[in-house]
Peer 1: 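Would you mind keeping the following structure in view while I ask a few things?
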Amino acid sequence: MPELPEVETTVRDLKKYILGRKIEDVWSDTYKLIKKPKSFSEFKKKLTGRKIENIQRKGKNILLRLSGNGTLLIHQKMTGHLLYGKWQITNSKWQLKEKGPLEEPVNRFIHLMLWLSGRKMLALSDLRKFAKIEFWDNLELENSKGFKILGPDPLEKSFTFKKFKSVIKKKPKGKVKQILMDQSIISGIGNIYSDEILWVAEIHPFTQIVQLSDAELKGIYVAVKKILAKAIKLKGDSMSDYRLITGKKGGYQNVQNVYQQEGKKCPRKDGGIIKRIKIGGRSAHFCPVCQQLKQ
DNA sequence: TGCAGTGTTGCTTC
DNA sequence: CGAAGCAACACTGC
């Protein structure tokens with residue numbers, strides 16, 4: 001599940017490999033991934049010949065800034081991830097060259113490929129085909145609804161405690177886990193890291209924002225920064241489908257404190273056994289001893 | 001074997 | 001208006 005640390009890792013690695021390359025051709029076997037423009041041939045025409053001038057992240061979105069004031073926006077949703085390699089043409093489909101850096105030379109979940117200058121290739125692997133691919137005119141993207149609605153990014157300098165408090169209090173009755181995952185409040189946090197953050201802060205996921213003291217809010221704020229920094233250092237969580245663009249795994253899945261640890265002992269050794277409960281249709285994992293619900 | 005679980009977003013429903 | 005439910009999809013694990 002690519003959340004902020006996974007997307008940030010991808011963007012940093014992409015910068016190492018594809019900056020300055022030209023998009024020479026585009027292939028896909030799943031046109032519905034491409035939401036804008038709707039027609040694949042039009043999409044292909046828009047991208048072809050453009051140079052990748054910059055690469056950025058906004059929340060969980062990857063932005064490939066292209067020459068001619070265009071942007072390729074990629075949202076990986078659940079199981080999408082980008083892979084980088086050398087390429088060759090085989091049986092009219094583009095497949096990754098065996099000696100390329102990928103661990104799996106042929107990945108049957110690849111549904112989009114960009115053929116780049118220098119005989120390089122960028123592929124989107126997505127088992128569940130939920131990913132979103134869009135080409136935007138830069139000005140249009142800045143003014144788009146999806147872009148404007150995004151809350152502050154925890155890695156930005158402007159994400160101060162004051163800022164955090166002001167945005168989080170927009171939904172005082174909301175449960176803290178859901179609020180942390182709300183992209184219009186804060187952008188970048190999903191199910192894995194919201195569980196991990198609340199464990200560090202020792203807050204029950206069902207706690208309403210209005211119930212939190214200033215000290216507790218500060219604890220959550222500090223935990224957001226701490227956990228995201230740690231996860232970026234470990235290059236993300238590869239428990240599910242996420243991989244580095246080289247095909248290698250990140251390391252956060254080896255240090256998860258509560259996420260998908262149901263039935264295990266709390267790492268604080270307080271005697272608690274990690275519980276899993278449903279909140280808004282998804283799982284929340286927490287320790288019932290150090291993360292107690294108030295009254 | 002079959003079905004619940006996996007989690008992001010956006011749309012529909014109440 | 002806001003919250004809740006569900007669909008999109010395909011594989012894994014019990």
Peer 1: Report each atom pair, protein N/O against N/O of nucleotides 11-14 of chain C, whose distance is under 3.5 angstrom.
Peer 2:
residue : atom : partner : partner atom : Å
C:dC11  : OP1  : A:R108  : NH1          : 3.4

Peer 1: For A:K16, check salt bridge (charged side-chain N to carboxylate O under 4.0 Å, His left out) against everything at least two apart and list the hits.
Peer 2: A:D13
Peer 1: Quick one: is B:dT6 close enough that its OP1 or OP2 comes under 4.0 Å of any side-chain N or O from A:R276?
Peer 2: yes
Peer 1: Take atom NE2 of A:H285 and atom P of B:dG7, then tell me their distance rounded to the nearest Å.
Peer 2: 6 Å
Peer 1: Report, one line per pair, each donor and acceptor closer than 3.5 Å where one atom sits in a side chain of residues 165-172 of chain A; sequence neighbours left out.
Peer 2:
residue : atom : partner : partner atom : Å
A:K165  : NZ   : A:D214  : OD1          : 2.9
A:S166  : OG   : A:K163  : O            : 2.9
A:K171  : NZ   : A:D182  : OD2          : 2.9

Peer 1: List the residues meeting salt bridge (charged side-chain N to carboxylate O under 4.0 Å, His left out) with A:K44, not counting sequence neighbours, and say none if there are none.
Peer 2: A:D25
Peer 1: Give every pair of a protein N or O atom and an N or O atom of nucleotides 2-7 of chain C that lie under 3.5 Å apart, one pair per line with the distance.
Peer 2:
none

Peer 1: Only counting residues at least two apart or in another chain, list the ones meeting side chain to side chain donor-acceptor pair (under 3.5 Å) with A:K36.
Peer 2: A:E140
Peer 1: Which residues pass the side chain to side chain donor-acceptor pair (under 3.5 Å) test with A:T207, not counting sequence neighbours?
Peer 2: none
Peer 1: Please go through A:F147's hydrophobic cluster and name the other residues, only I, L, V, M, F, W, Y counting, with side-chain heavy atoms under 4.5 Å joining them.
Peer 2: A:L63, A:L73, A:W136, A:L141
Peer 1: Quick one: CD on A:E6 to NZ on A:K235, what's the gap to the nearest 0.5 Å?
Peer 2: 12.0 Å
Peer 1: Quick check on the 6.0 Å ring-centre criterion: do A:Y242 and A:H81 meet it?
Peer 2: no
Peer 1: Between A:F130 (CZ) and B:dG7 (P), how many Å, whole number?
Peer 2: 12 Å
Peer 1: Looking at the rings of A:Y221 and A:F159, which for Trp means the six-membered one, are their centres under 6.0 Å apart?
Peer 2: yes
Peer 1: Using links of under 4.5 Å between side-chain heavy atoms of ILVMFWY residues, direct or through other members, which residues join A:M78 in one cluster?
Peer 2: A:F130
Peer 1: At less than 4.0 Å, is any side-chain N or O atom of A:K278 found next to OP1 or OP2 of B:dG7? Yes or no.
Peer 2: no
Peer 1: Which of these passes salt bridge (Lys or Arg N to Asp or Glu O under 4.0 Å) with A:E8: A:K58, A:K15, A:R57, A:K60?
Peer 2: A:R57
Peer 1: In whole Å, I'd like the distance from the CZ atom of A:R128 to the P atom of B:dT6.
Peer 2: 11 Å
Peer 1: I need a per-nucleotide contact map over nucleotides 9-14 of chain B, read 5' to 3'. Cutoff is protein heavy atoms under 4.0 Å; write B for the base, S for backbone only, - otherwise.
Peer 2: SS----
Peer 1: Just the dot-bracket of DNA chain C, please: which string comes out with Watson-Crick or G-U pairs under 3.5 Å, [ ] for crossing, | for another strand?
Peer 2: .|||||||.|||||
Peer 1: Does B:dT6 have its OP1 or OP2 closer than 4.0 Å to a side-chain nitrogen or oxygen of A:S283?
Peer 2: yes
Peer 1: Rounded to the Å, how far apart are A:M78 CE and C:dA8 C1'?
Peer 2: 10 Å
Peer 1: Which residues pass the salt bridge (charged side-chain N to carboxylate O under 4.0 Å, His left out) test with A:R268, not counting sequence neighbours?
Peer 2: A:E202
Peer 1: Have a look at A:S240 and say if it touches a base, only the backbone sugar-phosphate, or nothing, with a 4.0 Å heavy-atom cut-off.
Peer 2: nothing
Peer 1: Can A:T30 and A:S28 be counted as having a side-chain donor-acceptor contact under 3.5 angstrom?
Peer 2: no
